[in-house]
Protein chains: 2
Amino acid sequence: MALTQIAAAKCFGGQQLVCEHDSDACGVTMRFGLYLPPQAEHGPCPAITWLSGLTCTEQNFITKAGAQRAAAELGVILVAPDTSPRGPNVADAPDGAYDLGLGAGFYVNATAQPYAAHYHMERYVAEELPMVLAAHFPLDRRRHGLSGHSMGGHGALTLHLKYPDIFRSVSAFAPIVAPAQVPWGQKAFSAYLGRDPEVWADHDATALVTRQPTDAAILIDQGSDDPFLTEQLRPDLFAAACEAAGQSLTLRHQPGYDHSYYFVASFIDDHLRHHLAAWQRR
Amino acid sequence: MALTQIAAAKCFGGQQLVCEHDSDACGVTMRFGLYLPPQAEHGPCPAITWLSGLTCTEQNFITKAGAQRAAAELGVILVAPDTSPRGPNVADAPDGAYDLGLGAGFYVNATAQPYAAHYHMERYVAEELPMVLAAHFPLDRRRHGLSGHSMGGHGALTLHLKYPDIFRSVSAFAPIVAPAQVPWGQKAFSAYLGRDPEVWADHDATALVTRQPTDAAILIDQGSDDPFLTEQLRPDLFAAACEAAGQSLTLRHQPGYDHSYYFVASFIDDHLRHHLAAWQRR
């Protein structure tokens with residue numbers, strides 16, 4: 001489980017790293033950004049793994065969200081994996097589309113060809129990456145949360161619902177909450193998982209929460225001027241499912257905000273504090 | 001003096017804009033980023049113009065520095081112009097070098113060909129842009145400061161020293177303080193201004209402060225692990241000149257920090273507060 005540090009910069013008294021390693025789950029070298037707050041010099045710290053959206057790499061969150069300031073203040077490790085396997089042998093969408101293949105792994109384990117060879121982002125994020133992190137960094141695995149944006153918000157919600165003992169807290173920005181019912185998700189799930197609706201339901205937050213709610217309080221921020229709100233994101237579907245299932249959800253409609261990292265940056269401090277509060281309740 | 005808004009995103013309750021306009025100074029369309037804090041809805045706000053470094057556009061500061069949070073809290077407008085004229089008719093370095101031509105205007109008015117046709121960044125930043133801003137935004141011109149990074153730190157120091165009534169406060173991150181004595185500056189000044197050392201002295205902060213110090217308190221942050229520190233930046237030269245000239249200077253050596261925007265983000269809030277304090281003293 002060797003790890004190579006390929007970049008490091010001091011930031012708010014801690015260290016913003018970029019690391020890479022040979023991934024068993026994906027069968028390629030995977031990169032992630034990792035922010036170590038100053039408190040990590042003195043002992044284990046809680047962590048939030050951030051899952052990014054379509055087209056992103058490990059760079060978007062670490063350069064644009066401005067989360068390191070609050071992470072340094074609160075003593076939280078931030079982990080930002082890439083959004084898909086990459087490399088010369090990794091299949092991309094036949095037409096190079098932005099919403100399938102490279103940069104669009106959707107946090108599932110693909111079973112359909114050609115993606116089944118490498119696209120195992122669920123196993124990577126939920127199983128392999130936590131072990132890699134624990135082996136190399138002072139991470140308190142009992143306080144590990146998931147957050148993310150858009151496709152990464154889908155990843156955060158679904159992987160929390162499926163692995164609540166690994167990711168004990170969760171939040172999301174403008175998540176795709178019902179991929180089985182919207183174009184982005186239908187395209188990706190068809191390509192990665194085939195056509196069985198039962199299989200899709202296992203990767204759809206709205207379906208998952210109906211059958212297996214958790215005792216976590218979920219926080220979602222959604223911009224009211226997000227151009228993807230009504231066709232792709234549909235937070236109303238998840239809110240209704242949470243209410244029916246008894247899942248605690250705080251869904252905040254933020255007036256005037258769009259889908260960009262300017263929106264994420266505006267509320268990321270609230271999300272860090274949300275996770276901190278969730279860990280303290282346990 | 002028409003202005004076109006080409007992007008807008010709500011951010012920390014204010015608006016992050018990108019605007020463009022036909023520049024008389026540069027003879028091309030110029031872009032700048034502008035953050036309007038929520039307070040700008042109710043009346044004039046003070047402003048800081050940020051000058052970026054080599055290779056940057058108007059995007060780097062607005063996406064990477066995380067300055068909007070404090071600007072929203074303090075009610076400060078942030079302006080981030082591009083670092084050179086651009087366009088099909090604008091000369092670039094013959095070899096496409098990163099440190100001359102496009103993305104490397106050095107905040108001077110070029111007098112040597114081929115750059116003299118469009119590279120008038122001093123006139124653009126110090127004369128034209130303040131007028132454009134005053135015409136379109138609620139900017140309190142009596143409280144307008146300059147800050148910047150690397151080549152932009154050079155621009156901030158020199159343009160404050162030359163135009164202290166326009167830019168009444170100043171700070172810089174890892175500035176090139178003595179361009180006439182270092183390779184980056186010697187290359188750019190030779191190409192833009194010719195070989196006369198008297199002309200160079202008019203664009204060199206260390207030379208300028210010797211003959212025309214201001215009553216401003218200058219704040220400079222410099223990372224101790226900056227790879228450009230000893231060859232290109234040389235803050236020691238400026239510190240000695242300030243001391244000899246009686247110019248107030250706070251030069252902070254920040255241990256372990258490099259030349260990146262992770263360094264800028266770590267201390268940008270201090271710089272906004274430095275400008276606010278300078279305006280309040282007047």
Side-chain angles (χ1 to χ4, degrees), chain A residues 6-18 33-38 41 56 59-73 78 80 149 173-174 221-227 229 252-272, chain B residues 6-18 33-38 41 56 59-73 78 80 149 173-174 221-227 229 252-272:
Chain A
I6 58 172
K10 193 167 178 182
C11 185
F12 289 99
Q15 288 287 330
Q16 179 61 57
L17 308 178
V18 177
L34 185 131
Y35 180 68
L36 279 179
E41 291 179 24
C56 290
Q59 286 292 320
N60 298 64
F61 178 73
I62 69 177
T63 55
K64 294 183 174 182
Q68 295 94 343
R69 193 189 61 85
E73 182 188 323
L78 300 174
H149 175 229
F173 290 82
D221 272 315
Q222 173 62 58
S224 71
D225 284 12
D226 188 321
L229 176 56
R252 308 193 303 189
H253 290 279
Q254 301 289 2
Y257 286 87
D258 66 13
H259 199 67
S260 71
Y261 267 88
Y262 293 118
F263 160 58
V264 172
S266 299
F267 300 102
I268 190 70
D269 290 10
D270 287 358
H271 285 239
L272 267 59
Chain B
I6 59 173
K10 193 168 178 181
C11 184
F12 288 99
Q15 288 287 330
Q16 179 62 58
L17 309 177
V18 177
L34 186 131
Y35 180 68
L36 279 179
E41 290 178 23
C56 291
Q59 286 293 319
N60 299 64
F61 178 72
I62 69 176
T63 55
K64 294 183 173 182
Q68 294 94 345
R69 194 188 60 86
E73 182 188 323
L78 300 174
H149 174 229
F173 290 82
D221 273 316
Q222 173 62 58
S224 71
D225 285 11
D226 188 322
L229 177 57
R252 307 194 302 189
H253 290 277
Q254 301 289 4
Y257 287 88
D258 66 13
H259 198 67
S260 71
Y261 266 88
Y262 293 118
F263 160 59
V264 172
S266 299
F267 300 103
I268 191 69
D269 290 10
D270 287 357
H271 284 239
L272 267 59

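Excluded from the calculations below are hydrogen atoms, water molecules and symmetry mates; all remaining heavy atoms, backbone and side chain alike, are included.
Ranked by heavy-atom pairs shorter than 4.5 Å toward chain B, the options Ala9(A), Ser260(A), Gly66(A) are led by Ala9(A). Note: Thr63(A) leads Thr63(A), Asp258(A), Val264(A) in heavy-atom pairs under 4.5 Å with chain B. Chain B forms more heavy-atom pairs under 4.5 Å with one residue of His259(A), Arg69(A), Gln15(A), Gln254(A) than with any other, namely Arg69(A).
Of the atoms belonging to Asp225(B), not a single heavy atom falls under 4.5 Å from chain A. In this structure, chain B has a heavy atom under 4.5 Å from the backbone of Phe263(A), while its side chain stays farther away. Only the backbone of Ala8(B) comes within less than 4.5 Å of a heavy atom of chain A; no side-chain atom from C-beta onward does.
Interatomic distance, Ser266(A) OG to Gln16(B) CD, rounded to the nearest 0.5 Å: 10.0 Å.
Scanning both residues, Lys10(A) and Tyr262(B), for their nearest heavy atoms gives O-CB, 3.8 Å.
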